[in-house]
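Hydrogens, waters and symmetry mates play no part in the numbers below; they use all other heavy atoms, side chains included. Keep in mind the model is a prediction, meaning the values are calculated, not measured.
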Amino acid sequence: VRAVLGPDEQETEQTQEESDGEGEETAETGGEGAEDPSGENPDVPADAEPQGTTIEHTGEAVDGTVEVSIGEVDWDATERVQEQDQLVEQPPAGQKYIMVEAELTYHGSEEFTPLAWASINFVGPDGTVYPDAGMATPSDAEQETSSDGQSQTQQWVFLVPEELPEGGHFVIGDFGPVEEGQWVEAV
């Protein structure tokens, strides 16, 4: 039996002779003594930034740079999303919407419109990737073109399981794999 335990990937091995094999469960099967699955995911980059840190995004869809500071997370934004867009139906059974807000500051010689400038994904504590749900948010009504040094607020909505624990990461990237994006803690 081989079980990977925790974020430091320590391994334990046990041969069939060392075990009676009856009813034995490991961290992989969720038995007694299994590590907490909401713990740190080994796939999360070691350089993930704390929430509130300003990161600089220089993507293919941006002429210049965008400073991004991920703010507060609304872990149950279903009602807010439905108030903003009357066409939004209830999420499917067992799911809910979460919403995150960020402050964006553009630096560049052209004008910046915060539409399709980067991909934003939410990675839950269990490592599942949830893409932006594309819902209308309060910031959509306020979005304007920005010039060098101007700031504005943007919000994103994600459809997640209702029982998903708080935590995880937001990943800002260039429409590629999340592993290539900039990771920011979600608390």
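At a threshold of 4.5 Å between non-hydrogen side-chain atoms, the residues Pro92 and Leu159 count as touching. By the 4.5 Å heavy-atom criterion applied to side chains, Glu67 and Leu104 are not counted as neighbours. Side chains of Gln95 and Val160 form no contact here, defined as non-hydrogen atoms less than 4.5 Å apart. At a threshold of 4.5 Å between non-hydrogen side-chain atoms, the residues Thr54 and Val68 do not count as touching.
Summarising the geometry, atom CZ belonging to Arg80 is positioned 5.0 Å from atom CG belonging to Asp74; distances are rounded to the nearest 0.5 Å. A distance of 10.5 Å separates OG1 in Thr53 from CD1 in Ile70, rounded to the nearest 0.5 Å. With rounding to the nearest 0.5 Å, the separation of CG in Asp63 from OG1 in Thr58 is 11.5 Å.
The main-chain N or O of Gly52 is found under 3.5 Å from a side-chain atom of Ser69 such that the two form a donor-acceptor pair. In terms of modelled atom types and a separation under 3.5 Å, the side chain of Lys96 and the main chain of Trp75 share a donor-acceptor contact. Here the side chain of Gln82 pairs no donor or acceptor atom with the backbone of Glu79 at under 3.5 angstrom. Tyr106 places no side-chain N or O within donor-acceptor distance of the main-chain N or O of Gly64, the cut-off being under 3.5 Å.
Heavy atoms only, all atoms of each residue included: Pro165 and Pro125 are closest at O-CG, 3.6 Å.
The aromatic rings of Phe122 and Phe170 sit tilted relative to each other, their planes meeting at an angle between 30° and 60°. Using a 30° and 60° split on the angle between ring planes, Trp117 and Trp156 fall in the tilted class, from 30° to 60°.
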For residues 171-187, which side-chain donor-acceptor pairs fall under 3.5 Å, sequence neighbours excluded?
residue: Asp174; atom: OD1; partner: Glu60; partner atom: N; Å: 3.1
residue: Asp174; atom: OD2; partner: Glu60; partner atom: N; Å: 2.9
residue: Gln182; atom: NE2; partner: Glu56; partner atom: O; Å: 3.1
residue: Trp183; atom: NE1; partner: Val178; partner atom: O; Å: 3.1

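Not counting sequence neighbours, the partners of Asp148 by the side-chain contact (heavy atoms from CB on, under 4.5 Å) test are His107. Partners of Glu72 according to the side-chain contact (heavy atoms from CB on, under 4.5 Å) rule, which considers only residues two or more places apart in sequence or in another chain, do not exist here.
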Between Val66 and Phe112, is a side chain to side chain contact (heavy atoms under 4.5 Å, CB included) present by the stated rule, with each step listed? CA-CA 9 Å; Val66 179; Phe112 169 72; 3.7 Å; yes
Between Ile98 and Asp76, does a side chain to side chain contact (heavy atoms under 4.5 Å, CB included) hold up when you go through it step by step? CA-CA 5 Å; Ile98 65 170; Asp76 191 0; over 6 Å; no
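Between Phe158 and the choices Val73, Leu164, Val129, Asp132, the side-chain contact (heavy atoms from CB on, under 4.5 Å) rule is met once, by Asp132.
Looking only at atom types and distance, the side chain of Gln152 has a donor-acceptor partner in the side chain of Ser146 under 3.5 Å away. Between Thr153 and Glu103, the side chains place a donor N or O and an acceptor N or O closer than 3.5 Å (distance only, hydrogens not considered). With hydrogens and angles left out, the side-chain atoms of Gln155 and Glu101 include a donor and acceptor closer than 3.5 Å.
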